[in-house]
Trainee: 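Below you will find the structure I want to go over with you.
Note that the structure is predicted; figures quoted are calculated from it, not measured.
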Amino acid sequence: MTGAAGEPAVREHTRPVAGEAAAAGSGTAAPGSGTAAAGPETATAGSGTAAGAELPSEMTEFVPLAVTLDGAGGACVAGVTAEGRWLRPEPVTAAQVAGPDPVYTVHHPVRLPLGPATGDGARPEDRAAAGAPRRAGPPAEPARRAALLAAVADPDVATAFAGGRSAGLVAVRPLGYRHQRSTGGRTFLRLEFTDNTGERFDWIVRDVRLLDAGPGEIALPAGPEAPLLYAAVGLTHPNHRFPGRFRGCHPLVVGLHPADGSPLLPNETSLEGTAGAPGTA
């Protein structure tokens, strides 16, 4: 499979990681069971398909590794199935990723009926949600989360976005976090980092867990000696203001994950009470 112009060739991103992805869920999924045995369901107009259209959908389970929210309330989620396939369900609402009890939280497996994306500009990961998402069990314990991250990671940024892809996971060295005001007056959190090639990047961070952090409030390790992180990276839809390397799309950091599977933030209580703790069945 050949990548976009100027990008390396890349294999179809469906590496078998059934053991890791199943462990990241409730511990009951069978290897390779990225989709449930439930029969096909039908997408409706309310699921993001054209009015009156009926598209086949399949009950699908995946582990979110990117959960984002922007200042205008736009939400997005991306994650991986047991086969290592990246998926991005659409639409996603702000209430599903933020608030007192969001259904989409990093490392918490979810299940919902998904069908093919419709409309122009659909990316390889895009899927039309044909029903409401439901939690599919608690997150795995840290060692299994670390194994999942290592299994699905790409070697570098260029590979993560090759072949028309718009979502991936890359091991990065965080060099520094800062808040920067845009020309429109909005303030964005940015992360400067390098990937395994040594190339330096400086991208906006949209991870919902860091949305409310103000200037000077990011206490995450950064610098040449900082521990490695896995960064979930994503591309926006093309807006033709960035015609260069990323096909007219804006690259973003859409999720941050310590390589050892530990929580990103000290107060990240959503990862407490995880499944598969050492010494348990």
Side-chain angles (χ1 to χ4, degrees), residues 13-14 17-18 20-51 53-69 73-119 122-140 145 148 152 165-169 206-209 232 234 237 254-255 270-271 274-275:
H13 192 61
T14 56
V17 293
E20 291 84 356
S26 62
T28 60
S33 62
T35 57
E41 300 186 7
T42 302
T44 64
S47 67
T49 62
E54 291 189 354
L55 294 173
S57 65
E58 197 168 41
M59 191 62 71
T60 305
E61 184 173 322
F62 72 97
V63 177
L65 296 179
V67 180
T68 73
L69 187 66
C76 185
V77 171
V80 293
T81 67
E83 295 82 17
R85 182 183 293 276
W86 279 89
L87 298 177
R88 183 189 290 109
E90 296 179 329
V92 174
T93 68
Q96 291 174 328
V97 304
D101 189 27
V103 66
Y104 289 117
T105 307
V106 292
H107 291 296
H108 284 259
V110 293
R111 182 178 296 170
L112 74 163
L114 293 176
T118 60
R123 285 100 30 114
E125 305 85 6
D126 291 350
R127 299 291 186 276
R134 296 286 185 268
R135 286 279 179 91
R145 295 199 296 264
L148 172 64
V152 302
R165 289 171 50 201
S166 63
L169 188 76
R206 284 279 172 79
D207 190 320
V208 69
R209 295 168 294 175
H237 282 289
V254 290
S270 66
L271 293 181
T274 54

Trainee: Between V92 and V97, is there a side-chain heavy-atom distance shorter than 4.5 Å?
Mentor: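 When only atoms from C-beta onward are counted, V92 and V97 do touch, with a gap below 4.5 Å.
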
Trainee: Would you check if L65 and V152 make a side-chain contact, meaning some heavy-atom pair closer than 4.5 Å?
Mentor: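 With C-beta onward as the side chain, the pair touches.
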
Trainee: In the structure I gave you, are the side-chain heavy atoms of L148 and V63 within less than 4.5 Å of one another anywhere?
Mentor: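 Yes, close enough: below the 4.5 Å cut-off.
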
Trainee: Could you verify whether a donor N or O on one side chain and an acceptor N or O on the other, from T60 and E58, lie under 3.5 Å apart?
Mentor: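 No, no side-chain donor-acceptor contact under 3.5 Å.
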
Trainee: Grab the two heavy atoms, one from S57 and one from P113, that are nearest each other, plus how far apart they are.
Mentor: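 The answer is OG-CB, 3.8 Å.
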
Trainee: In Å and rounded to the nearest 0.5 Å, what is the CE to CG distance from M59 to L114?
Mentor: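 These two atoms lie 9.0 Å from each other.
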
Trainee: Can you name the closest pair of heavy atoms from G73 and A94 and give their distance?
Mentor: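 That would be O-CB, 3.7 Å.
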
Trainee: Listed by chain and number, what are the side-chain hydrogen bond (donor to acceptor under 3.5 Å, both in side chains) partners of R134, not counting sequence neighbours?
Mentor: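 side-chain hydrogen bond (donor to acceptor under 3.5 Å, both in side chains) check on R134 returns nothing, list empty.
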
Trainee: Which residues satisfy the side-chain contact (heavy atoms from CB on, under 4.5 Å) test with P133, sequence neighbours excluded?
Mentor: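 Counting only residues at least two positions away or on another chain, P133 forms a side-chain contact (heavy atoms from CB on, under 4.5 Å) with Q96, V103, Y104, L112.
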
Trainee: Would a 4.5 Å heavy-atom cut-off, applied to side chains only, mark V208 and T68 as touching?
Mentor: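 Counting from C-beta outward, V208 and T68 never come under 4.5 Å.
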
Trainee: Can you check whether L87 reaches T81 side chain to side chain, under 4.5 Å on heavy atoms?
Mentor: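 L87 vs T81: side chains touch.
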
Trainee: With a cut-off of 3.5 Å and sequence neighbours excluded, list every side-chain donor-acceptor pair involving residues 124-131.
Mentor:
unit_1	atom_1	unit_2	atom_2	d
E125	OE1	S166	N	3.4
E125	OE1	S166	OG	2.6
E125	OE2	S166	N	2.8
E125	OE2	A167	N	3.4
D126	OD1	R88	NH1	2.6
D126	OD1	R123	NE	3.4
D126	OD1	R123	NH2	3.3
D126	OD2	R123	N	2.9
D126	OD2	R123	NE	2.8
R127	NH1	P124	O	2.9

Trainee: Any idea which heavy atoms bring A98 and P102 closest together, and the distance?
Mentor: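 Reported closest heavy-atom pair: N-CB, 3.7 Å.
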
Trainee: Would you call V110 and P64 a side-chain contact if the rule is heavy atoms closer than 4.5 Å?
Mentor: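 Yes. Closest side-chain heavy atoms under 4.5 Å.
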
Trainee: Can you confirm whether V106 sits close enough to R209 that some side-chain heavy atom of one is under 4.5 Å from a side-chain heavy atom of the other?
Mentor: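 V106 reaches R209 side chain to side chain.
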
Trainee: Give me the atom names and distance for the closest heavy-atom approach of G255 to D207.
Mentor: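 Of all heavy-atom pairs spanning G255 and D207, the closest is CA-OD2, 3.4 Å.
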
